[in-house]
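To start, the structure itself, in structure tokens.
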Amino acid sequence: MDFLPDPLRTVLAFVVVLGVLIFVHELGHYLAARWRGVHVERFSIGFGRAIASWQDRRGCEWRIGWIPLGGYVKMHGMEHPSDVVPEDGSYRKGESFHEKPVRDRAIVVAAGPIFNFLLAALIFAAIFATYGQPTGSTAVQAVVAGSAAERAGIAPGDRIIALDGQRVARFEQLQQHVQPRAGQPIEILLRRGDSEMKVIATPIARPEDGRGLLGISGGAVERTRLNPVSALVEGTGHMVAVSGQTLAGVWQMISGQRGAEEIGGPLRIAQLSGEVADLGLLPLLTFIALLSVNLALINLFPIPILDGGHLVFYAAEALRGRPLTQRAQEYAFRGGFALLLTLMLLATWNDLTHLGIVRWVTGLMG
């Protein structure tokens with residue numbers, strides 16, 4: 001896309017990234033609804049007036065809205081049971097969403113986030129099978145002057161194979177071995193070119209915490225291509241790890257360890273989409289996978305309006321043996337909408353501040 005102007009390239013990358021995420025999410029709802037016997041009336045990517053639409057042989061309208069900031073799947077009978085009018089000629093008995101048992105409804109709602117998790121796992125798996133899985137090596141990139149490593153004769157380009165007879169394959173393993181051994185001699189097996197050699201280095205203690213320090217930097221990323229099965233296993237594991245890291249970051253914001261200014265919205269996503277698209281296919285695929293995990297987790301938050309909120313209602317229905325009252329659900333949805341609106345306003349403010357627009361407007365007013 002180098003031939004396109006920067007603004008157009010950013011918009012196009014944003015539409016592609018968001019379009020993929022939304023389509024996969026809504027496809028999860030659609031396929032689960034079909035599986036559980038619920039008729040789907042509309043599958044929409046984007047909101048607002050349709051710029052393209054067609055109807056399949058099952059009576060489902062497929063449409064593309066002109067506002068590419070979301071999407072939805074409209075299922076038959078999604079209204080509250082008391083709002084369904086069986087006498088209506090368009091009513092399909094047995095294919096209504098609210099006629100289905102709570103288990104089926106939960107499956108349909110949960111399928112959207114599940115498909116986003118699956119998309120991320122498959123993207124990571126494809127990357128590991130083609131580009132390779134990134135691993136931090138033990139190759140030495142730089143040596144600090146006057147450090148324990150320099151005194152021991154370690155040079156840039158050396159690869160550390162073992163410490164005190166223990167094999168190491170990643171730089172993190174090297175750090176774990178060295179840090180608790182300040183002032184203790186360590187036997188280091190190196191590979192230099194085609195030959196191996198042993199040196200003795202005594203890590204010095206860092207002033208701030210007393211941890212051992214050799215004085216080297218390394219861990220250059222290397223990639224190892226995996227077979228399809230291993231790639232799928234590792235891709236799934238990486239998706240789970242990214243999910244855990246994302247949840248940890250959210251908890252840090254809630255507990256005040258991190259600032260809310262890190263919350264971003266569509267403008268930030270659009271900016272980053274353009275930037276990663278300029279870097280190539282691999283960064284763009286990785287970005288889509290990370291956003292897919294974030295979209296799945298956000299939708300699973302127990303906030304009414306989101307999929308997670310619906311799942312909470314269904315859990316309450318399963319425990320009580322009957323749905324929550326319509327009034328209780330209505331109040332919950334109002335609260336959820338207010339919360340989401342607040343988060344959207346915060347995200348937009350952060351985006352405008354990050355892009356310098358708030359500072360520019362303030363300067364004009366000053």
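Fair warning: this is a prediction, and the values are worked out from it, not measured in the lab.
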* To do: State, with a plain yes or no, whether a side-chain heavy atom of F128 is found less than 4.5 Å away from one of P134.
  => yes

* To do: Look up atom NZ in K74 and atom CZ in F43, then write down how far apart they are to the nearest 0.5 Å.
  => 15.0 Å

* side chain to side chain donor-acceptor pair (under 3.5 Å) contacts touching residues 284-307 (sequence neighbours left out) -> H25-D307, H29-D307, N116-S292

* Asked: So, does Q173 use its side chain to make a donor-acceptor pair with the main chain of A169 at under 3.5 Å?
  -> yes

* To do: Step by step, work out the side chain to side chain contact (heavy atoms under 4.5 Å, CB included) result for F301 and V312.
  => CA-CA 10 Å; F301 288 165; V312 170; over 6 Å; no

* **Test of ring centre spacing under 6.0 Å for F23 and F115** => no

* Qualifying side chain to side chain donor-acceptor pair (under 3.5 Å) pairs, either residue in residues 150-167, two or more places apart -> D158-R192, R159-E222, D164-H177

* Hydrophobic cluster mates of V229, side-chain heavy atoms under 4.5 angstrom, ILVMFWY only, any path? -> none

* CG of L118 to CD1 of I123: how many Å apart, nearest 0.5 Å? -> 11.0 Å

* Asked: Would you say L300 and L311 make side-chain contact, with heavy atoms under 4.5 Å?
  -> yes

* Does the separation of the ring centres of F333 and F313 fall below 6.0 angstrom? -> yes

* Asked: Judged by atom type as modelled, is there a donor-acceptor pair below 3.5 Å linking the side chain of R103 to the main-chain atoms of A106?
  -> no

* Asked: Side-chain heavy atoms under 4.5 angstrom apart, residues restricted to Ile, Leu, Val, Met, Phe, Trp, Tyr: same cluster for W66 and F47?
  -> yes

* In chain order, what residues pass the salt bridge (Lys or Arg N to Asp or Glu O under 4.0 Å) check against R191, with sequence neighbours excluded? -> E196

* Going from CE on M239 to CZ on F117, what distance comes out if it is rounded to the nearest 0.5 angstrom? -> 6.5 Å

* Name all residues meeting the side chain to side chain contact (heavy atoms under 4.5 Å, CB included) criterion together with V199; count only those two or more places apart in sequence or in a different chain, and write none if there are none. => A152, I154, I188, L190, M197

* Structure fact -> V102 meets the side chain to side chain contact (heavy atoms under 4.5 Å, CB included) criterion, sequence neighbours left out, with R105, Y314, E317, A318

* Where the side chain of Q329 meets the backbone of L324, is there a donor-acceptor pair that is under 3.5 Å apart? -> yes

* Asked: Please walk me through it: do R327 and Y331 pass side chain to side chain donor-acceptor pair (under 3.5 Å)?
  -> CA-CA 6 Å; R327 174 173 291 185; Y331 284 136; 4.5 Å; no

